[in-house]
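Take a look at the structure below.
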Amino acid sequence: MRETEILDQAINAFTLITGADLKITALEDRKTNADAHLLLNFKDKQQNFFAEVKNEIRSFQLPQIIQQFKDTSSNWMLLAQYIPSTIKSELKGRRINYLEASGNCYIETKDFYFYINDRKVTETRLVKEGKLWNPTGLKFLFALLADKGLLNANYRTVAAAAGIALGNVGPLLAELKEEGFLIQADPTKNAAYFLDNEQLLENRWIELYSSILKPKIRIGRFRWMQEKEDWQKINNKHIIWGGENAGAILTTHLRPEIFTIYTRLDKTNLMKDQKLIPDPKGKVEAISQFWSDDLQQAQEHRNVVPPIMAYAELATSMDSRNQETAERIKNQYLI
């Protein structure tokens, strides 16, 4: 959806719900990099805003938005077609004004306070149901993003690498092609397949991995019975490192504070193997490894999750150290 359409839809919804007068006074301000200037009138009070307009807000964009609005958040308003509820909570907690196309908003200044959170998602944001963006599809996409060679492998190899049923591969490839992410060099000659719009695909996978797949494969939080002074010396065939540990190994730029383990062990056997105690505030996070050991062994660092996974975990973190490390991983391994 074009920025002007998002602006119009959000402003119309807001004025209809609140009775306030919100209007555009200018478009594109190169000096402030604002997409528009807005003027809010309500009960004899006025407030000008710089507007930042986006289609959908993803968690990996949040650190940049926070930095952009830093110290001047009351003068800015973030407008979007759709904002996930978790991001709305984060924006509100940081007193960053936002307005969704549906009319949901948080706007707080010296003179105004608007908070609406019960409006349904706008019809323009609804997409047709498909398997590509559910947990099975996200496992499938991860395998393709981690090893592009799988695009032209047989279905059985793809299914094994992604940890999904063989019958899912054909429909998922068809859906990937239908959504414009898969192209064939020469369809008349049974030529090789390539990913198209790869950056968009990666960004969407990163967002949905964090919100849809990861919660389903998370084993839990723990603490070690005895603190590990040198975690990098742990050599155990049952675990591979993710998150901050992966960032530290891949870039030598990070000192982990949270220790992320991916494993095929179930909770009980993992606790025995690593001498872990369940603790919701513990520093050890355990997640089930769904992809194949063959895919893992094909990686440059065999004791670390594939770079796309490490990048996804660090880029969606609110920690500036992790975000900087994510950029290093992107530049070293993903571009």
Side-chain angles (χ1 to χ4, degrees), residues 1-30 32-70 72-130 133 179 200 203-204 206-208 210-212 316:
M1 184 182 286
R2 293 168 58 93
E3 290 180 354
T4 52
E5 293 175 339
I6 294 172
L7 275 166
D8 290 341
Q9 189 173 354
I11 289 171
N12 289 338
F14 176 78
T15 55
L16 182 64
I17 297 165
T18 64
D21 179 25
L22 180 64
K23 60 185 178 182
I24 302 169
T25 57
L27 289 172
E28 294 186 15
D29 180 354
R30 293 184 179 180
T32 62
N33 290 322
D35 294 315
H37 289 185
L38 305 178
L39 176 63
L40 174 60
N41 285 282
F42 189 64
K43 295 184 177 179
D44 299 324
K45 300 288 185 179
Q46 288 188 340
Q47 174 74 45
N48 289 289
F49 294 95
F50 300 118
E52 174 73 15
V53 184
K54 295 186 179 296
N55 187 26
E56 296 190 17
I57 307 299
R58 301 297 189 183
S59 56
F60 66 86
Q61 297 171 306
L62 194 52
Q64 180 182 350
I65 292 170
I66 292 170
Q67 183 63 34
Q68 179 181 347
F69 290 6
K70 186 179 179 181
T72 60
S73 59
S74 63
N75 297 326
W76 282 85
M77 187 185 301
L78 178 66
L79 292 93
Q81 184 185 0
Y82 172 72
I83 307 174
S85 58
T86 54
I87 296 182
K88 288 178 189 173
S89 297
E90 185 71 32
L91 292 171
K92 185 173 182 288
R94 293 176 177 270
R95 299 187 70 179
I96 293 176
N97 301 312
Y98 67 79
L99 173 58
E100 200 175 33
S102 63
N104 289 319
C105 66
Y106 163 75
I107 301 172
E108 182 175 5
T109 68
K110 184 180 71 171
D111 296 318
F112 298 119
Y113 184 84
F114 295 93
Y115 180 53
I116 302 168
N117 200 38
D118 60 354
R119 307 294 294 180
K120 291 184 178 180
V121 175
T122 56
E123 291 295 322
T124 52
R125 198 264 167 184
L126 298 177
V127 296
K128 65 179 182 178
E129 290 293 325
W133 308 110
E179 292 208 17
L200 178 61
N203 288 345
R204 191 165 187 189
I206 289 167
E207 172 67 23
L208 296 181
S210 298
S211 61
I212 292 178
T316 54

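When the side chain to side chain contact (heavy atoms under 4.5 Å, CB included) test is applied to A13, no partner is found at least two apart in sequence or on another chain. Applying the side chain to side chain donor-acceptor pair (under 3.5 Å) test to E108 and every residue at least two apart in sequence or in another chain returns R95, Y106. For D111, the side chain to side chain contact (heavy atoms under 4.5 Å, CB included) partners two or more places apart in sequence, or in a different chain, are K45, T109. Listed by chain and number, the residues in a side chain to side chain contact (heavy atoms under 4.5 Å, CB included) with T25 are H37, L39 (sequence neighbours excluded). With sequence neighbours excluded, no residue forms a ring-ring contact (aromatic ring centres under 6.0 Å, His included) with F112. For E207, there are no salt bridge (charged side-chain N to carboxylate O under 4.0 Å, His left out) partners two or more places apart in sequence or in a different chain. Residues forming a side chain to side chain donor-acceptor pair (under 3.5 Å) with N41 (at least two apart in sequence, or on another chain): Q46. Take D8 and apply the side chain to side chain donor-acceptor pair (under 3.5 Å) test, not counting sequence neighbours, and it matches no residue. Taking T86 as the reference, P84 meet the side chain to side chain contact (heavy atoms under 4.5 Å, CB included) condition, with sequence neighbours excluded. Remark: Y98 pairs with no residue by the ring-ring contact (aromatic ring centres under 6.0 Å, His included) rule, at least two apart or across chains.
Between I212 and W133 there is no side-chain heavy-atom pair separated by less than 4.5 Å. In this structure, the side chains of K54 and I65 come closer than 4.5 Å at one or more pairs of heavy atoms. L38 places a side-chain heavy atom less than 4.5 Å from the side chain of I24. Counting heavy atoms from C-beta on, the side chains of L91 and I57 never come closer than 4.5 Å. Taking the side chain as every heavy atom from C-beta outward, R119 and I17 approach each other to under 4.5 Å. Under the 4.5 Å side-chain criterion, counting only non-hydrogen atoms from C-beta, F69 is not in contact with R94. Annotation: side chain of Q47 is not in contact with side chain of M77 (no heavy-atom distance under 4.5 Å).
When all heavy atoms of I83 and A80 are compared, the pair lying nearest together is CG1-CB, 3.8 Å. When all heavy atoms of A34 and F50 are compared, the pair lying nearest together is CB-CB, 3.8 Å.
Interatomic distance, CD1 of I107 versus CZ of F14, reported as 4.0 Å (0.5 Å rounding). In this structure, CD on Q81 lies 4.5 Å from CG on N55, to the nearest 0.5 angstrom. Once rounded to the nearest 0.5 Å, the distance linking CD of E100 with CG of L78 reads 10.0 Å. Rounding to the nearest 0.5 angstrom, the gap separating the CG atom in N97 from the CG atom in L40 is 9.5 Å. Distance check: L79 CG to C105 SG gives 10.0 Å after rounding to the nearest 0.5 Å. Distance check: D21 CG to I11 CD1 gives 9.5 Å after rounding to the nearest 0.5 Å.
A donor-acceptor pair under 3.5 Å links the side-chain atoms of N104 to the main chain of D118, judged by distance alone.
Each of N12, L22, L27 was evaluated against L7; a single residue qualifies, L27, per the side-chain contact (heavy atoms from CB on, under 4.5 Å) test.
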